[in-house]
There are 2 protein chains.
Amino acid sequence: MININIHQSINEILVRLFADILDIEEKCLGQGEFSDLSITEMHIIDNIGIDKERTMSNTAKDLRITSGTLTTAIDNLIRKGYVERRRSNNDRRVVMIKLTEKGVLAYKSHEEFHKDLVFSALTNLDKNEEEVLIKVLTNIDVFFKNKYNFS
Amino acid sequence: MININIHQSINEILVRLFADILDIEEKCLGQGEFSDLSITEMHIIDNIGIDKERTMSNTAKDLRITSGTLTTAIDNLIRKGYVERRRSNNDRRVVMIKLTEKGVLAYKSHEEFHKDLVFSALTNLDKNEEEVLIKVLTNIDVFFKNKYNFS
DNA sequence: AAATATAATTTGATTATCAAAGCATTTGGG
DNA sequence: CCCAAATGCTTTGATAATCAAATTATATTT
């Protein structure tokens with residue numbers, strides 16, 4: 001009985017947290033510098049990363065979207081000045097993308113946001129609580145890998 | 001030092017989990033019965049809940065979408081046979097929605113998925129740790145609401 | 001050299017979303 | 001009691017994100 005209730009309430013809290021985090025991210029994005037970026041675009045910038053060139057196909061795979069979707073997203077990010085694109089010299093079919101300086105700034109700002117979010121979430125926890133949380137997160141992670149056979 | 005690392009790893013786990021959960025949920029949906037439902041639609045079904053009639057506006061508020069968006073979503077769910085809609089007798093402006101039998105089945109199937117997830121999250125935790133977890137998650141949620149000034 | 005495979009883009013469609021306008025009904029102030 | 005304002009919902013018109021399939025250009029294989 002009590003077990004069921006605990007499960008139930010944990011479920012509810014998790015669902016709520018999930019929604020809240022998305023909301024917070026959106027809100028924070030919308031009001032800062034870089035407010036011309038959507039969450040999706042920010043995640044693409046995050047995935048491209050700093051100081052490296054990526055191919056379109058690898059990036060699309062990482063992001064779990066089709067390359068067609070990525071093409072249009074990158075078109076927009078180039079238009080907005082966050083990304084550069086060039087053809088590879090080795091293989092002229094391949095297109096390399098990388099962040100511009102402005103893109104790097106956006107990346108860093110987003111990284112800051114994440115750090116801040118996690119930091120503030122954890123700042124009131126004692127060691128013991130932190131450990132429980134890590135244990136749980138790791139459990140879930142492992143569970144997914146096993147059960148759903150993740151790449 | 002060690003603190004920073006813990007934060008860092010929690011951050012990474014969270015980001016990964018976030019992507020995985022959505023993905024898995026989508027995958028599970030796509031292959032079962034109810035494969036004509038999108039994740040979004042399933043979340044609406046989840047929010048409506050079993051054994052109660054809800055108003056459109058309350059549901060929209062809960063889901064944090066505009067009522068216009070909900071109207072079209074409900075149109076589709078009715079067309080697919082998951083939801084019923086009727087005007088309230090007390091107040092003819094109000095529209096009540098509720099799950100059909102098929103809707104309830106979909107609800108339960110989705111509930112299974114969540115139960116599974118939570119169950120796996122809690123393996124290895126003893127009673128005490130479970131309680132700590134609830135406290136931790138609730139705190140984080142409250143904290144976010146305050147810090148980011150949620151409605 | 002021709003056939004096949006690969007990488008990216010384009011095209012045409014769908015879904016989810018919003019803001020603002022519109023419609024029907026209820027409520028509150030004169 | 002009536003009319004103006006408020007409320008609840010739907011419609012409209014627009015945009016973003018996404019996919020699958022067709023297309024284009026280049027590499028690889030046979």
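For the numbers below, each heavy atom of this structure counts, side chains included, while hydrogens, waters and symmetry mates do not. Chain letters run A, B, ... following the sequence lines, proteins first, then strands; residues in each count from 1.
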- Message: Would you say that E53(A) contacts E84(A) through its side chain, given a criterion of any heavy-atom pair below 4.5 Å between the two side chains?
- Response: no

- Task: Count the heavy atoms of every other residue, nucleotide or ligand shown that sit under 6.0 Å from NZ of K102(B), and state whether that count exceeds 12.
- Result: yes

- Query: Does a nitrogen or oxygen in the side chain of T72(A) sit under 4.0 Å from OP1 or OP2 of dA16(D)?
  - Reply: no

- Task: Would you mind reading off the distance between I97(A) atom CD1 and dA7(C) atom P, rounded to a whole angstrom?
- Result: 15 Å

- Item | Salt bridge flag under 4.0 Å for residues D36(A) and K80(A) | no

- Message: Rounding to an integer number of Å, can you tell me how far M96(B) CE sits from dC9(D) P?
- Response: 9 Å

- Are OP1 or OP2 of dT9(C) and a side-chain N or O of R85(A) less than 4.0 angstrom apart? yes

- When the nearest nucleotide of DNA chain D is assigned to T55(B) and to I65(A) on a heavy-atom basis, which residue is associated with the more 5' position? T55(B)

- Message: Mind checking if S67(B) touches a base, just sugar-phosphate, or nothing, with heavy atoms under 4.0 Å?
- Response: base

- Message: Considering every strand and a 4.0 Å limit on heavy-atom distances, what is the contact class for L70(A): base, sugar-phosphate, or nothing?
- Response: nothing

- Task: Calculate the interatomic distance between K61(B) atom NZ and dC9(D) atom P; express it in whole Å.
- Result: 12 Å

- Message: On the nucleotide dA17(D), are OP1 or OP2 found under 4.0 Å from the side-chain N or O atoms that T40(A) carries?
- Response: yes

- Task: Run the salt-bridge test on R64(B) and D20(A) with the 4.0 Å N-O cut-off and return the result as yes or no.
- Result: yes

- Message: I need the CG-P distance between L29(B) and dT15(C), as an integer number of Å.
- Response: 15 Å

- Query: What is the distance, rounded to the nearest whole Å, between atom CG of L37(B) and atom P of dA16(C)?
  - Reply: 10 Å

- Query: Between D91(B) and S88(B), do the side chains contain an N or O donor and an N or O acceptor separated by less than 3.5 Å?
  - Reply: no

- Query: Between dA8(C), dT11(D), dA16(D), which nucleotide has the shortest distance from any of its atoms to the side chain of D75(B)?
  - Reply: dT11(D)

- To the nearest angstrom, how far is N58(A) atom CG from dA7(C) atom P? 9 Å

- When the nearest nucleotide of DNA chain C is assigned to V94(A) and to T69(A) on a heavy-atom basis, which residue is associated with the more 5' position? V94(A)

- If you check every side-chain atom of M56(A), which of dT9(C), dC18(C), dA20(D) has the closest atom? dT9(C)

- Message: Between L37(A) and L77(A), is there a side-chain heavy-atom distance shorter than 4.5 Å?
- Response: yes

- Query: Taking the side chain of S38(B) as its heavy atoms from C-beta onward, which of dA16(C), dA8(C), dT17(C) lies nearest to it?
  - Reply: dA16(C)

- Of the candidate nucleotides dA16(C), dT10(D), dC19(D), which contains the atom at the shortest distance from the side chain of E41(B)? dA16(C)

- Item | Where protein sits on nucleotides 21-28 of chain C, one letter per nucleotide: B base, S sugar-phosphate only, - none, heavy atoms under 4.0 Å | ---BBS--

- Are any of the side-chain heavy atoms of I50(B) and K108(B) separated by less than 4.5 Å? yes

- Pick base, sugar-phosphate or nothing for T71(B), based on heavy-atom distances below 4.0 Å to the nucleic acid. base

